[in-house]
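These notes concern the structure reproduced below.
First listed ligand is number 1; within each ligand, the first listed atom is number 1.
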Amino acid sequence: NMKVLLFFGLVAIALADNTRFEGEKVFRVKPVLDEHVTLIKDLAQSIEVDFWTPESAEQVTAGINVDIRVPAMYLDLVYTMLQQSEMEHEVLIEDVQGAVDGQADTRPSPRAHSYTKYNTWSVIESWINSIASSSANLVSTQSIGRTYEGRTMTLLKLGKKTSSQKPAIFLDCGIHAREWISPAFCQWFVNEALTTYGSDAQMTSLLDQMDVFVLPLFNVDGYHYTHTSNRMWRKTRSRNSGSSCVGTDPNRNFDAGWCTVGASRNPCSETYCGASPESEIEVKNVANFIRQNKSVIKAYLTIHSYSQLLLFPYSYTYNLSAHHNELMSIAEGASSALRSLYGTRYTSGPGAATIYLAAGGSDDWSYDLGVKYSFTFELRDTGRYGFLLPESQIKPTCEETMLAVKYIAAHVQKNLY
Ligand SMILES: *[C@@H]1O[C@H](CO)[C@@H](O)[C@H](O)[C@H]1NC(C)=O
Ligand SMILES: *[C@@H]1O[C@H](CO)[C@@H](O)[C@H](O)[C@H]1NC(C)=O
Ligand SMILES: [Zn+2]
């Protein structure tokens, strides 16, 4: 039977490609001297370490915490280096594979869609279709193009249908594949919007007056890969010419100070900026949509994890944006709204000064295009689980984040005319 053979063939390939993290640890190291910084950069050159924050060795500077995942075979080396250099450090995750296994509340994961689970792409895709048909009065969908591997990028438009064009907010999730809490938030947002429309005064007024474009999953190929092959994948899945390393960092691929700072020209780097701005089809699709509809798009919100930050332009320069004071006060108000629910503390500010320089990001690009209210969220946590945030934290994370998003939306709405 052909089908059975094909099926077992695929399973064998999937298993062969399934990266495991046995014996690996995540360290937090605290470089305070220039020698410490040099040491970390040298280490990154000579062994395989996965930077969790900052996103690459290039962005390491004295005075910031550096979270790195270290393969089992290099643990002794890293311990020796830390001791000899007297660099302060702690182990954030003792057992990475254990944390990977511990994320899901139940194993095996159920196939049904849930707002409190990390759903696979195929589950998210059917969820999009069912939402669109069950809430047709408030939701419409459109494809903004296909991914590198041919998956459809579906955009949901939420809002009361009117004959005239409405001003809009654009929200995307899942630019980076391994930041699973991010697409979970977009799904939560859609459900919250649809179920509270008509009862919650603010949501009702928002969706009456504005549309919200939601891209529930930006980097579909990468996300799929994190479910099938390598939980720690970050980039797109495009092939690079002249290198066996796969993928580009989509959040270094936008045309905003492209590849000038905080990005790499090496295709093997996790912050590879790509062959040219918008070389990634996913980036081009989103940029095209925003460009074509920029007269209606008043705000751009993008959801990442982790670190608990609410950032706004700029990241590619230390220069302050023309709307710095207004953006800062919105970010602070949104952060305190978020904190009011469970006490979760966020830090807010422009990307470059708050964390580190990084060029080619989507928020800087949309801001320079003219979308004034442009914000990047880095959701929970601050490193206890990092990208491996357990499913039990999806609900509280999404609930508190809703408050911040609604705070920003209210400000945008108030300043429409
Ligand atoms: C976005 O812009 C394109 C091109 O102008 C247009 O066809 C499309 O209707 C717009 N989409 C929305 C949802 O307004
Ligand atoms: C920062 O501001 C200075 C002074 O206005 C300007 O010359 C420079 O080009 C700006 N840098 C960037 C990267 O925009
Ligand atoms: Zn990210």
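Side chains of Arg384 and Leu389 form no contact here, defined as non-hydrogen atoms less than 4.5 Å apart. In this structure, the side chains of Lys166 and Lys160 come closer than 4.5 Å at one or more pairs of heavy atoms.
Atom numbering of ligand 2 starts at 1 in the shown order; those under 4.0 Å from a heavy atom of Thr317 are 11 (N), 12 (C), 13 (C).
Per-atom contact check: atom 11 (N) of ligand 2 touches the protein, criterion being a heavy-atom distance below 4.0 Å.
Residues Phe213 and Phe289 bring their aromatic ring centres within 6.0 Å.
Counting just the N/O/S atoms of His176, the one with the shortest distance to the Zn ion (ligand 3) is named ND1. Of all the N, O or S atoms in His304, the one closest to the Zn ion (ligand 3) is ND1.
In Lys30, the NZ atom is crowded: over 12 heavy atoms of neighbouring residues, nucleotides or ligands sit closer than 6.0 Å.
Around atom 6 (C) of ligand 2, the closest heavy atom drawn from Leu320, Asn319, Val261, Thr260 belongs to Asn319.
Under 3.5 Å, the side chains of Tyr314 and Asp368 contain a donor-acceptor pair of N or O atoms.
For a distance bound of 2.8 Å, the N, O or S atoms of Glu179 include one lying that close to the Zn ion (ligand 3).
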